[in-house]
**Q** 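Dropping a structure here in structure tokens format, bear with me for questions.
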Amino acid sequence: SSGINAEYGNLIKKIEGLSGLMSLTDLNVASNKITEIGNSLKGHTNLESLNLSGNQLTSFKDLTNLVQLSKLRVVGLKDPLYQSNPVCSLCNYSTHLLYHLPLLS
């Protein structure tokens, strides 16, 4: 497995620069300043684990961009080691995530 760990206050605002890393299976960008996922992970079909905890994600609609990641099994949005994303405090957050990503463990 191949991974990138860019956690703890790197002040990353956008997920970018990963286009050449299509075999990436694990991405940890927890505790940064990311406000949206958008299409930044498009084509990263080998990604199995993604930790976005402690960022600034606010939108259910944005989370549905993760649907394109067919091997994704672990998504961290409110890992206890970090602060949670604002989207986690929205009503039905867990239901929405599991509905769109039923293969999460």
Side-chain angles (χ1 to χ4, degrees):
S1 92
S2 60
I4 293 178
N5 187 345
E7 64 178 321
Y8 283 118
N10 285 298
L11 305 178
I12 296 170
K13 294 181 179 179
K14 290 174 130 177
I15 300 171
E16 59 188 358
L18 302 177
S19 58
L21 302 171
M22 295 318 216
S23 61
L24 190 66
T25 57
D26 181 33
L27 179 60
N28 184 349
V29 287
S31 194
N32 280 287
K33 304 283 184 198
I34 298 166
T35 57
E36 69 177 354
I37 300 163
N39 288 318
S40 61
L41 297 172
K42 187 174 185 170
H44 286 85
T45 53
N46 290 311
L47 202 58
E48 298 170 9
S49 176
L50 175 62
N51 193 347
L52 289 161
S53 300
N55 281 289
Q56 303 298 317
L57 300 172
T58 59
S59 159
F60 276 163
K61 184 175 183 281
D62 195 36
L63 293 182
T64 58
N65 287 311
L66 298 176
V67 171
Q68 61 193 323
L69 305 174
S70 57
K71 292 185 180 176
L72 195 62
R73 297 297 177 266
V74 178
V75 175
L77 292 168
K78 58 176 191 174
D79 185 314
L81 296 175
Y82 314 96
Q83 295 179 339
S84 63
N85 283 279
V87 71
C88 300
S89 61
L90 297 178
C91 188
N92 297 323
Y93 143 78
S94 297
T95 306
H96 178 84
L97 204 59
L98 290 173
Y99 175 79
H100 288 287
L101 300 165
L103 298 176
L104 293 181
S105 55

**Q** Please check: side-chain N/O of D79 versus main-chain N/O of L81, any donor-acceptor pairing under 3.5 Å?
**A** yes
**Q** Determine the minimum heavy-atom distance between I15 and S40, stating which atoms define it.
**A** O-CB, 3.1 Å
**Q** Can you check whether T64 reaches H96 side chain to side chain, under 4.5 Å on heavy atoms?
**A** yes
**Q** To the nearest 0.5 Å, what is the distance between CG (L50) and CD1 (I37)?
**A** 7.0 Å
**Q** Of all residues at least two apart in sequence or in a different chain, which pass the side-chain contact (heavy atoms from CB on, under 4.5 Å) check with T35?
**A** Q56
**Q** Transitively linked via ILVMFWY side-chain contacts under 4.5 Å: V74 with L69?
**A** no
**Q** So, does D62 use its side chain to make a donor-acceptor pair with the main chain of S59 at under 3.5 Å?
**A** no
**Q** Could you measure the distance from the NZ atom of K33 to the NZ atom of K13? Nearest 0.5 Å is fine.
**A** 8.5 Å
**Q** Measuring only between side-chain heavy atoms, which start at C-beta, is L18 closer than 4.5 Å to H44?
**A** yes
**Q** If we ignore hydrogens and angles and just use 3.5 Å, is the side chain of S31 paired with the main-chain N or O of G54 as donor and acceptor?
**A** no
**Q** Could you check if a side-chain atom of Q68 sits within less than 4.5 angstrom of a side-chain atom of N39, using non-hydrogen atoms only?
**A** yes
**Q** Nearest 0.5 Å please: distance from the CG atom of L52 over to the CG atom of L66.
**A** 7.0 Å
**Q** Measure the spacing between OH of Y82 and CG of N32 and express it to the nearest 0.5 Å.
**A** 9.5 Å
**Q** Say whether L90 and Y99 are linked into one hydrophobic cluster, either directly or through other cluster members, by side-chain heavy-atom distances under 4.5 angstrom.
**A** no
**Q** Tell me whether M22 is reachable from L41 by hopping between hydrophobic residues (I, L, V, M, F, W, Y) whose side-chain heavy atoms are closer than 4.5 Å.
**A** no
**Q** Looking only at non-hydrogen atoms, find the nearest pair between G76 and N51 and report the distance.
**A** O-OD1, 3.4 Å
**Q** Could you tell me the separation between the CD1 atom of I34 and the NZ atom of K14, rounded to the nearest 0.5 Å?
**A** 11.5 Å
**Q** Tell me, please, which residues at least two apart from S89 pass side-chain contact (heavy atoms from CB on, under 4.5 Å).
**A** none
**Q** What is the distance from atom NZ of K71 to atom OG1 of T25, rounded to the nearest 0.5 Å?
**A** 9.5 Å
**Q** Would you check if the side chain of N85 reaches a backbone N or O of L77 as a donor-acceptor pair within less than 3.5 Å?
**A** yes
**Q** If we ignore angles and hydrogens, is there a donor and acceptor under 3.5 Å between the side chains of D26 and S49?
**A** yes
**Q** Would a hydrophobic clustering, with Ile, Leu, Val, Met, Phe, Trp and Tyr connected at side-chain separations under 4.5 Å, put L103 with L72?
**A** no
